[in-house]
Amino acid sequence: MDKVYKHQDVEKKWYELWEKRGYFTPKVEPKKKPFCIIMPPPNANGSLHIGHAMFLTIEDIMIRYHRMLGDSTLWLPGADHAGILTQVVFERKLEKEEGKTRYDLGRDEFFRRCMEFTLSNKKIMENQMRAIGASCDWNRTSFTLDPKFNKPINMTFKKLYADGLLYRAKRMINWCPRCSTALSDLEVIYKEQKDPLYYIRYGPFVLATVRPETKFGDTAVAVHPKDKRYQRWIDKEFEFETLIGKAKMKVIGDDAVDPKFGTGVVKVTPAHDPVDFEMGQRHGLETKRVIDFDGKLNDKCGKYKNLNVYKARKIVAEDMQIQGLLEKVDENYTHSVAICERCKTIIEPMVSLQWFVKAKPLAEKAIRAVKNEEIKIIPKRFIKNYLIWMENIRDWCISRQLWWGHRLPVWFCGTKNLSELQLTMNPSLPKSNGCGEIVVSVNPPNSCPKCQNKNLIQDPDTLDTWFSSGQWPFTTLDFGQSNSKLTDFNYFYPTSVMETGYEILFFWVARMVMLGIYMTGKIPFEVVYLHGLVRDAFGEKMSKSKGNVIDPLNIIERYGADSLRMALIFGTSTGRDVKLGESKIEAMRNFGNKLWNIGRFIKINIDKFKEQNIKIREFNTKSDRKKLSAENKKILSQLGMLTQGVTREIENYNFAASAERLYKFIWHTFADKYIESVKEKLRQNDDETLSVTIYTYSSCLKLLHPFMPFITEEINFSLTRRDKPLISSHWS
RNA sequence: GGAUCGUUAGCUCAGCGGUAGAGCACUGCAUUCACAUUGCAGGGGUCGUAGGUUCAAAUCCUACACGAUCCACCA
């Protein structure tokens with residue numbers, strides 16, 4: 001053994017050997033118990049970051065442990081096309097490198113280029129996963145936008161549609177003017193910001209608003225029904241002066257109005273505000289669109305037409321000031337605005353014709369599965385989060401006006417039933433007459449089933465990326481692809497553990513539970529294990545702009561993957577954010593060094609015994625145990641406790657606790673105490689002691705292998721020269 | 001507004017009913033010995049605050065303070 005452990009050479013060597021010999025690929029053996037983790041597919045729009053290293057480590061620990069237990073163990077890797085995010089990332093790249101927009105390329109070319117970009121990222125990412133030591137089955141690697149997934153995804157779409165759980169409707173949606181797409185409620189985040197609050201005059205009323213530019217779309221004024229100041233006005237109409245002439249408006253009474261806010265009077269703009277939309281529905285108000293999908297005022301706004309909302313806001317306020325319609329302005333008003341999660345543009349709420357999943361019926365089963373503990377969530381405190389979200393679930397808008405994603409399996413007979421939005425956004429669509437029939441079909445239909453027209457137009461919209469990834473646990477296992485009895489799906493589904501970050505509990509986990517149960521009749525996984533965010537040493541979120549990003553590959557180069565893996569789980573607590581600084585990684589590298597040197601010490605002794613032709617007895621725990629010296633008995637009993645402890649902690653998903661036990665035992669019990677106390681005996685060629693030392697050490701290597709696979713494998717090989725790698729050895 | 005989590009040694013965190021623990025940092029000593037990516041020894045905490053339950057409380061309960069996160073339609 002070399003004096004110094006050289007992870008650079010060792011890690012690559014072992015990974016190649018493991019992969020080449022097929023240890024990552026399980027045999028489907030009906031008699032054997034399966035253990036299966038479907039990897040959360042990383043977004044293929046960049047390289048791996050430390051958060052990926054985190055889940056890869058945790059999952060690899062479970063996978064290696066179960067493989068060593070003898071379970072038929074499948075870890076299925078993949079990559080996510082990550083619809084909107086990738087489109088945004090690629091558009092930025094296009095802008096930066098070529099000065100082009102997606103419109104310059106056109107839809108087909110944009111899609112092709114984006115696919116090229118994504119697939120090349122995927123390849124890079126896969127090699128990065130290898131560098132971390134992820135022992136996943138590359139034969140089954142999947143990509144969410146692989147055409148082979150069209151069929152199962154379309155099947156789901158069709159079934160939902162047939163069951164009345166998927167509908168097309170004109171609803172209030174979150175519109176991102178930059179991405180030019182509708183977003184689900186989850187894809188919107190809120191940001192505190194200071195905006196002027198304008199007190200504007202509406203005939204007899206003064207009311208407060210941050211959006212005076214939407215006044216052209218107002219179709220009522222609302223007050224609280226019990227507000228004594230205004231009660232007499234309810235249901236009455238009033239006439240008043242606006243910037244573009246006289247107008248008439250009705251006063252409504254609605255509980256949604258907070259009498260304590262502003263003057264207690266609000267303008268109601270059903271077309272451009274979610275609360276107002278609901279009020280409009282309750283009171284039968286007209287929904288008057290005044291902002292177009294490009295974020296500009298339309299021709300209902302008179303001379304303000306074509307101004308974008310922010311410019312319009314300023315000008316409208318100024319003009320109102322001039323006309324004496326502006327009472328006062330509160331410049332210190334703070335509120336939160338909705339922004340696009342991915343590109344941070346302020347959301348424009350719009351009424352639009354989109355596809356929605358009726359979520360409640362799906363949620364009911366998803367709630368039951370968790371309540372009756374068919375699905376366990378670890379740590380437990382997330383159960384409440386999950387249940388509260390599920391119980392208050394709202395319909396899910398799944399259509400996107402993006403180019404990067406699965407197309408909706410919807411065909412229109414002629415352009416008649418395409419939405420106005422779709423027609424404007426897709427000017428190249430063939431103008432054709434048809435009966436307007438809407439066909440939902442798994443495969444492209446040849447002709448309209450109603451009028452036999454052959455010119456069907458596929459819905460230009462794409463699916464929310466989470467709609468397809470929400471089916472990942474069964475689509476990757478070839479659900480519905482084969483009639484054979486021994487498919488991956490039949491064997492590995494429901495999968496064992498879904499390990500992922502708590503931040504996508506709703507986005508992903510919740511959807512997988514709903515769609516998994518809906519399509520397969522079974523839960524998609526038995527356990528949900530949620531890990532926390534990796535933060536920097538000071539608890540700050542890592543970000544490129546802050547410059548505090550720890551690049552896992554850089555760390556692996558300098559300290560080795562084992563050190564990084566150990567640092568990511570040592571001293572952590574399930575589901576809590578992890579603070580990671582370089583000193584921790586260094587400490588784990590030192591531990592590896594300690595482990596290495598124990599190995600060297602033992603090897604030196606083995607060699608010495610061999611030189612002197614002293615036979616090292618093969619140690620048999622059962623029969624020889626009683627005859628051993630006191631200290632040998634003691635270390636073996638401590639080892640027994642360690643084995644039990646480590647096993648129990650892994651079974652309980654306390655990976656940190658098991659790693660800490662191993663660290664403590666190997667360094668402070670075995671090296672510092674036992675080996676130090678036994679040195680003299682080894683000098684005197686005591687073969688019993690050497691044999692116990694080897695046995696104890698080998699057992700430690702095995703227990704440590706899931707955590708630090710490379711160094712343990714290398715030492716094990718150097719010590720035994722046997723062609724039986726740890727990856728395939730038996731746990732205990 | 002609702003919910004959740006956290007507050008324990010200088011730092012990061014474990015412990016979650018029975019005489020305060022780990023890693024890092026710190027101090028002193030050691031070093032041709034497998035390892036200075038080391039060893040030995042040591043300093044350092046009335047476990048956020050105030051009440052309560054208990055023979056016994058970091059540990060259970062109740063308030064409060066501070067910090068963080070999530071959810072919600074703050075015009």
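To find a chain, count down the sequence lines: A is the first, B the second, and so on, and within it residues start at 1. Only heavy atoms go into these numbers, but all of them, side chains included; no hydrogens, no water, no symmetry mates.
- Separation of the C1' atoms belonging to A20(B) and U46(B) is 11 Å when rounded to the nearest angstrom.
- Figure legend: Lys594(A) and Phe670(A) shown without cation-pi pairing, the cationic atom not lying both under 6.0 angstrom from the six-membered ring centre and within 45 degrees of its axis.
- In this structure, G17(B) makes no Watson-Crick or G-U wobble pair, since no nucleotide meets both defining distances under 3.5 angstrom.
- A distance of about 14 Å separates the P atoms of G45(B) and G21(B), rounded to the whole Å.
- Residue Ser573(A) places at least one side-chain N or O closer than 4.0 Å to OP1 or OP2 of A14(B).
- Note: CD (Glu660(A)) to C1' (C13(B)) measures 8 Å, nearest angstrom.
- Between Glu676(A) atom CD and A41(B) atom P the separation is 11 Å, expressed in whole Å.
- Projected onto RNA chain B by closest heavy-atom contact, Gly599(A) and Leu186(A) fall at different nucleotides, the more 5' of which corresponds to Gly599(A).
- Put simply, Asn590(A) has a side-chain N or O that comes within less than 4.0 Å of OP1 or OP2 on U38(B).
- Dashed line: the shortest gap from a side-chain N or O of Arg576(A) to OP1 or OP2 of A14(B) is under 4.0 Å.
- With RNA chain B read from its 5' end, the first of the two nearest nucleotides for Val4(A) and Gly264(A) is the one closest to Val4(A).
- Regarding contacts with the backbone of G21(B), every side-chain N or O of Lys664(A) stays at 4.0 angstrom or more from both OP1 and OP2.
- Side chains of Lys267(A) and Thr214(A): a donor-acceptor N/O pair is present below 3.5 angstrom, by distance only.
- Taking 3.5 Å as the limit, the base of C24(B) and the side chain of Lys584(A) contain no donor-acceptor pair of atoms between them.
- OP1 or OP2 of C73(B) lies within a sub-4.0 Å distance of a side-chain N or O belonging to Arg394(A).
- At the phosphate of C11(B), neither OP1 nor OP2 sits under 4.0 Å from any side-chain N or O atom of Lys579(A).
- His668(A) has no side-chain polar atom (N or O) that falls below the 4.0 Å cut-off from OP1 or OP2 of A22(B).
- Comparing A68(B) with U12(B), their P atoms sit 14 Å apart, to the nearest whole Å.
- Using the Watson-Crick or G-U wobble rule with both distances under 3.5 Å, U32(B) pairs with nothing in any strand shown.
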